[in-house]
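Below is one structure, written out as structure tokens; comments come after it.
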Amino acid sequence: MARGSERERRVLTRALAVTVLLHAACAPSGDRAGLLGDARLGAAPELGPLDGLEPEAVTLLQELAAELATVSEHSEPWRELGAALHAHGRSAPARTCYQQALLRAPDDARAWYWLALLEETEDPERCLRLLGQCAQRAPDYAPARWRGGYLLLAADRLAEAEAAFRAALASAPEDEAAAVGLARVRLQAGQAGEAARLLEEHVRRVPQDRHALTLLGTALRELGRDAEAERALAGGAGAEPLQHDPWREELLARRRGARADFLRAMELLERGDVDAALPMLEALHGRDSRDVLVLVALHRAYRMQGDLERALTLLIEARDLEPNSEVVHLHLAGACRERARRDGGAPERAWLERALASSERACELAPTHAAAVAMHADVLADLGRTAEALAGWKRAAELEPGAAAWQEKAGYGLCRAGRWGEAVPHLRRLDALVARSPQNLLTLAAALANSGELDEAAVTLERARALAPGDPAIQKAIQDLARSRSDATGGPR
Amino acid sequence: MRWSVPALASAGLAACGARPEAPAPVAAPWLEEAAAAAGIDFVHRSGHQEGRFLLPEIVAGGVALLDADDDGALDLYLVQAGGLGVPEAERPANALYQNRGDGTFVDVSAASGTDDRGFGMGVATGDADGDGRIDLYVTNHGPNRLFRNLGGGRFEDATAAAGVGHPGLGSSAAFDDLDRDGDLDLFVVNYLVWSPATERECFDAFGARDYCAPAHYGAPATAVLYRNEGAGTFRDVSRESGIAARAGPGLGVACADFTGDGLRDVFVANDGRPNHLWVNQGELTFEERGLALGCALDQDGVPKAGMGVATGDVDEDGELDLLIGNLRREGDSLFLAREGHFTDGTARAGLGLVTRGFTRFGLGLVDLDCDGTLDLYQANGRVSREENRHGSADPFAEPNLLLRGLPGGRFEEVLPRGGTAALLVHTSRGAAFGDLDGDGGLEVVVANRDAAPYVLRNVHPDRGHWLLVRVRDEAGRDALGSVLTLRAGSRTWRREVRTAIGYASASDPRVHFGLGADADVDELEVRWVDGIRESFQVEGVDRRIEVRRGHGRPAR
């Protein structure tokens with residue numbers, strides 16, 4: 001498509017979406033004034049009771065309220081106080097503040113957006129109209145569109161939902177939530193074929209969006225493509241939708257207090273930013289040295305930095321404070337295993353025994369905690385107790401079918417033990433979870449072949465060959481299988 | 001400690017946070033709260049103490065409607081919790097209220113022998129020993145209890161003899177003839193592997209103490225399947241049946257033939273994890289197929305916080321659909337049956353938005369206005385502390401919802417909200433459905449945390465015709481799992497004989513049909529659990545009838 005016409009298409013799509021959202025906004029009770037209730041320009045509201053908030057949060061709110069009192073004719077202080085109240089769960093005064101901000105600055109797109117978020121659960125219809133106001137003023141802010149799109153999907157207003165998602169994509173062609181939303185529209189409309197096509201395209205473009213695999217699996221199932229559906233569903237298991245919403249993140253960043261700091265530090269740790277997370281966690285530890293969650297998080301940070309001794313000390317402290325936490329015992333087992341290998345060479349048995357004791361205690365406390373069961377199996381394997389380890393990995397894989405690591409350990413371990421038939425379901429699931437792995441496909445093919453499922457083994461090897469055409473191991477396996485099949489039928493090779 | 005900034009004087013002070021109000025409702029109420037007038041003086045006690053949040057406190061609360069003394073009137077059983085830190089002997093007990101026949105009750109708890117003092121979670125009903133009398137199974141934190149009905153409103157604790165005292169954190173349970181051998185097996189859902197010693201400290205997003213979500217424990221539980229061995233005894237076949245292979249934080253359960261192969265399957269709603277559909281393979285073995293068959297996740301591919309489960313033919317296509325109540329910010333999950341698998345029909349049914357403001361526990365697809373279309377009642381109450389917008393001092397309290405069924409499988413909310421003239425706001429949990437006063441309209445009894453229950457009398461001003469059918473097998477026992485098909489004029493209805501409906505609760509096993517304007521029944525067919533069908537003549541409507549196996553005409 002020529003660039004000029006592409007630009008026109010985007011403009012038209014945007015105009016259509018704005019029209020649709022404006023129409024929604026102009027529903028019988030919904031003009032801009034109506035959306036702001038009977039609010040009139042006024043002065044600072046009562047904050048109301050601030051029970052249950054941490055001191056830092058209270059201080060922030062009081063400071064913002066005091067600032068507002070001096071400049072209440074401006075919109076931004078109202079919006080900032082509203083956002084802080086909103087971030088701390090105080091809906092009614094937050095709403096007042098947003099309304100006051102908007103009376104002063106009707107084109108403040110953020111204020112419209114945050115007001116919409118406030119209403120999303122309690123009054124979705126109103127939320128839609130507020131999102132429409134935001135979209136008018138910030139036509140390029142994709143979340144304002146796709147958030148409305150998902151509400152419209154829930155209301156089964158498919159044409160409007162589609163327009164919203166298309167408008168989001170017009171301004172943000174890479175937006176995953178909008179792309180997936182469009183496919184959801186097709187799915188809900190009963191157009192599974194088109195939904196599958198969109199999702200397959202999306203998954204190729206954005207392979208990290210595993211959640212889309214679940215939707216793809218749903219579409220494939222509707223089409224009767226059951227085997228592919230099962231694979232896709234397994235691949236998407238446990239994945240969260242990818243939804244990037246910077247303005248919502250800005251709102252949440254206004255939270256204050258130890259809890260908010262802890263959550264922020266955990267996010268940093270998950271992203272691998274130990275240097276930023278560590279001082280936050282140390283500060284939290286300084287505030288409350290008996291907080292076991294902080295101790296566990298701090299141990300993680302030190303482990304990521306390579307300071308295993310400090311990490312172990314922290315975990316032992318945590319265990320002494322909370323002897324019945326399987327999470328603490330689980331991490332302690334992991335840290336002891338790591339310590340056992342620290343100096344290279346054969347693992348130190350004494351540390352492995354400590355790891356075993358901790359993993360046993362974790363399993364005793366929470367026998368269905370898949371990670372604890374898997375950790376126990378890992379330690380058993382370290383100690384050479386292979387059969388018990390295998391049983392543990394199988395159990396962990398049963399408890400948490402979406403965990404590729406345990407499917408791999410169970411599948412490969414069973415293959416090594418010659419228990420091919422038992423290995424097959426684990427390896428099938430592993431293939432679904434970790435797509436495009438020639439090694440996994442090769443192992444699965446071996447298990448299938450040794451279980452007598454020669455046809456499926458052949459198909460699996462062809463898939464492996466397509467991924468790694470020159471791989472000699474795959475070539476050899478194909479030849480061996482062909483020979484086996486020929487021997488079995490007595491026919492020509 | 002209260003913190004506030006004094007309001008500044010101003011002219012024209014704005015209304016605080018005011019939203020445009022919806023027009024005032026004008027419809028007549030469908031339901032009228034009458035617990036006190038009915039003689040129910042039970043008050044649930046979770047045992048919650050400020051500063052200490054023990055998980056079972058926030059999910060406990062079942063109720064059962066059953067004819068305990070076989071006098072034709074539904075009696076009422078309410079499950080008490082009483083406090084985890086309280087010695088069992090000192091806890092308040094579960095309560096049995098005998099129906100006088102007119103919808104008023106008298107407390108017969110002590111005399112009945114059902115006044116269990118375990119930390120009660122829920123209740124199931126069924127004829128466990130096949131003697132024709134309905135028994136009670138109470139799920140507890142701690143050993144569950146089976147109370148065997150001796151007749152005359154008296155029960156005895158038969159737990160040890162029956163071998164069904166599983167000591168986990170039980171939630172919902174269901175009696176069903178899963179192996180089709182003529183007696184009722186027992187499926188018990190467990191929530192988590194939990195004890196007070198393993199309780200966590202959790203906080204809301206703002207730093208205040210709160211109940212933990214199940215994900216915090218990482219300890220989902222496995223369900224338990226007891227096979228009825230006859231003579232009132234059971235054997236735990238969880239491992240050999242395959243049920244023990246998968247764990248989940250189970251809260252709701254429903255038994256039915258979901259795959260259309262004639263075998264009884266079991267659906268378990270899991271809290272925050274994919275639901276389980278245990279597909280019966282025969283010989284009382286099961287394979288979990290929820291994900292493959294489309295009822296594990298919602299249409300967005302996300303597991304929801306499944307609590308109560310209701311079944312019914314919502315879209316009137318002859319197949320049994322599944323409805324699951326979920327958490328606030330999550331709509332319901334309506335899984336429509338489609339020839340062996342399910343599709344998510346929540347949005348199309350009009351349930352996508354209206355329900356997401358509430359946390360739904362007890363629920364039931366029942367025809368409250370007897371117009372021939374299933375309505376939906378939802379008992380709501382939060383599990384985490386949030387700003388309460390409903391005017392209650394209880395941070396977990398919410399109003400319940402009543403939605404009227406419309407042709408084509410859609411629903412619309414009935415106003416006034418919850419179907420009562422005055423808005424009722426409590427932390428509701430289990431709900432049971434049955435005709436308490438014999439007038440053909442179904443009542444709703446709702447268990448409320450730390451409060452009295454609701455006994456909601458059906459006062460719909462314009463109810464249609466109705467039929468209430470007791471379905472018994474050849475030995476006179478309620479034939480749980482039988483499927484009824486009733487034809488009247490151009491309409492056909494499908495209903496099942498069941499007691500396990502909603503959340504941790506048990507309803508009247510008699511099958512209720514709302515018939516609308518149809519005053520003549522053309523045919524009533526029963527498909528028994530073993531697949532044999534019989535047809536019965538029905539003379540007139542607006543009455544209670546009984547059909548018994550062997551007394552009808554064979555049907556093809």
Side-chain angles (χ1 to χ4, degrees), chain A residues 29 34 37-54 57-58 62 65 69 88-93 95-96 99-100 121-124 153-156 184 187-188 211 214-215 218 221 230 233 236 241 255 257-259 324 326-327 365-369 371 398-399, chain B residues 1-10 12-20 192-193 195 197-198 200-201 203-208 217-222 245-247 274 291-294 297 299-302 328-329 331 341 343-344 346-350 352-353 356-357 385-387 389:
Chain A
S29 60
D38 56 359
R40 300 285 182 269
L41 285 174
E46 281 238 10
L47 292 181
L50 300 179
D51 305 42
L53 291 182
E54 295 188 72
V58 173
Q62 291 178 325
H88 291 93
R90 268 49 184 180
S91 307
R95 188 177 292 110
T96 299
Q99 288 166 345
Q100 292 295 318
T121 300
E122 302 291 339
D123 194 343
L153 269 175
D156 206 37
R184 273 277 282 108
L187 197 55
Q188 195 160 314
H211 169 256
T214 306
L215 297 175
T218 304
R221 186 184 51 229
E230 289 222 31
L233 288 168
R255 282 187 186 154
R259 196 76 209 120
N324 292 323
E326 78 280 359
V327 172
L365 288 166
T368 58
H369 193 308
E398 275 174 0
L399 288 170
Chain B
M1 184 185 295
R2 296 178 67 84
W3 299 82
S4 65
V5 171
L8 298 179
S10 71
L13 188 66
C16 277
R19 290 203 246 125
L192 299 173
V193 179
S195 72
T198 60
R200 305 263 174 275
E201 251 192 0
F203 302 85
D204 66 15
F206 321 115
Y217 301 93
T222 52
R246 292 285 179 87
L291 192 60
L293 295 183
L297 309 171
Q299 197 163 31
D300 288 317
V302 175
R328 200 167 118 77
R329 297 189 183 87
H341 71 273
T343 61
D344 189 328
T346 311
R348 241 172 286 132
L353 290 188
R356 62 195 281 154
R385 296 165 70 119
E386 288 185 54
E387 186 187 25
R389 304 185 187 194

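A note on names: the letters A, B, ... follow the listed sequences, proteins ahead of strands, and every chain is numbered from 1.
Interface check for chain A: of the options B/Gly357, B/Ala247, B/Gly331, B/Gly294, the most heavy-atom pairs under 4.5 Å are formed by B/Gly294. No other option in B/Val193, B/Leu353, B/Thr343 has as many heavy-atom pairs under 4.5 Å with chain A as B/Leu353. The greatest number of non-hydrogen atom pairs below 4.5 Å with chain B, out of A/His88, A/Glu230, A/Arg184, is found for A/Arg184. The greatest number of non-hydrogen atom pairs below 4.5 Å with chain A, out of B/Ala221, B/Ala292, B/Gly352, is found for B/Ala292. When each of B/Ser195, B/Ala208, B/Ala197, B/Pro220 is scored by its heavy-atom pairs under 4.5 Å with chain A, the top score falls to B/Pro220. Ranked by heavy-atom pairs shorter than 4.5 Å toward chain A, the options B/Thr222, B/Leu293, B/Leu291, B/Leu297 are led by B/Leu291.
For A/Glu54, the parts lying under 4.5 angstrom from a heavy atom of chain B are both the backbone and the side chain. Contact annotation for A/Ala155: both backbone and side-chain heavy atoms come within less than 4.5 Å of a heavy atom of chain B. Contacts between B/Thr198 and chain A at a heavy-atom distance below 4.5 Å involve backbone atoms as well as side-chain atoms. Contact of A/Thr121 with chain B is made through backbone and side chain together, with heavy-atom distances under 4.5 Å. Heavy atoms of A/Leu233 lying under 4.5 Å from chain B belong to its backbone as well as its side chain. Contacts between B/Ala349 and chain A at a heavy-atom distance below 4.5 Å are absent for every atom of the residue. Interface remark: B/Leu192 contributes no atoms to any contact with chain A (heavy atom separation under 4.5 Å).
Between B/Arg200 and A/Glu326 there is a salt bridge, since a side-chain N of the basic residue sits under 4.0 Å from a carboxylate O of the acidic one.
Taking all atoms of both residues into account, the shortest heavy-atom contact from A/His369 to B/Tyr217 is CD2-O, 3.8 Å. Listed here is the closest heavy atom pair of A/Leu215 and B/Asp300: CD2-C, 3.6 Å. Closest approach of B/Ala219 to A/Ala366, counting heavy atoms only: CB-CB, 4.0 Å. Residues B/Arg246 and A/Glu398 approach most closely at CD-O, 3.2 Å, considering heavy atoms.
Between B/Val302 and A/His211, the closest side-chain pair of non-hydrogen atoms falls below 4.5 Å.
Expressed to the nearest 0.5 Å, how far CD of B/Gln299 lies from CD of A/Gln188 amounts to 5.0 Å.
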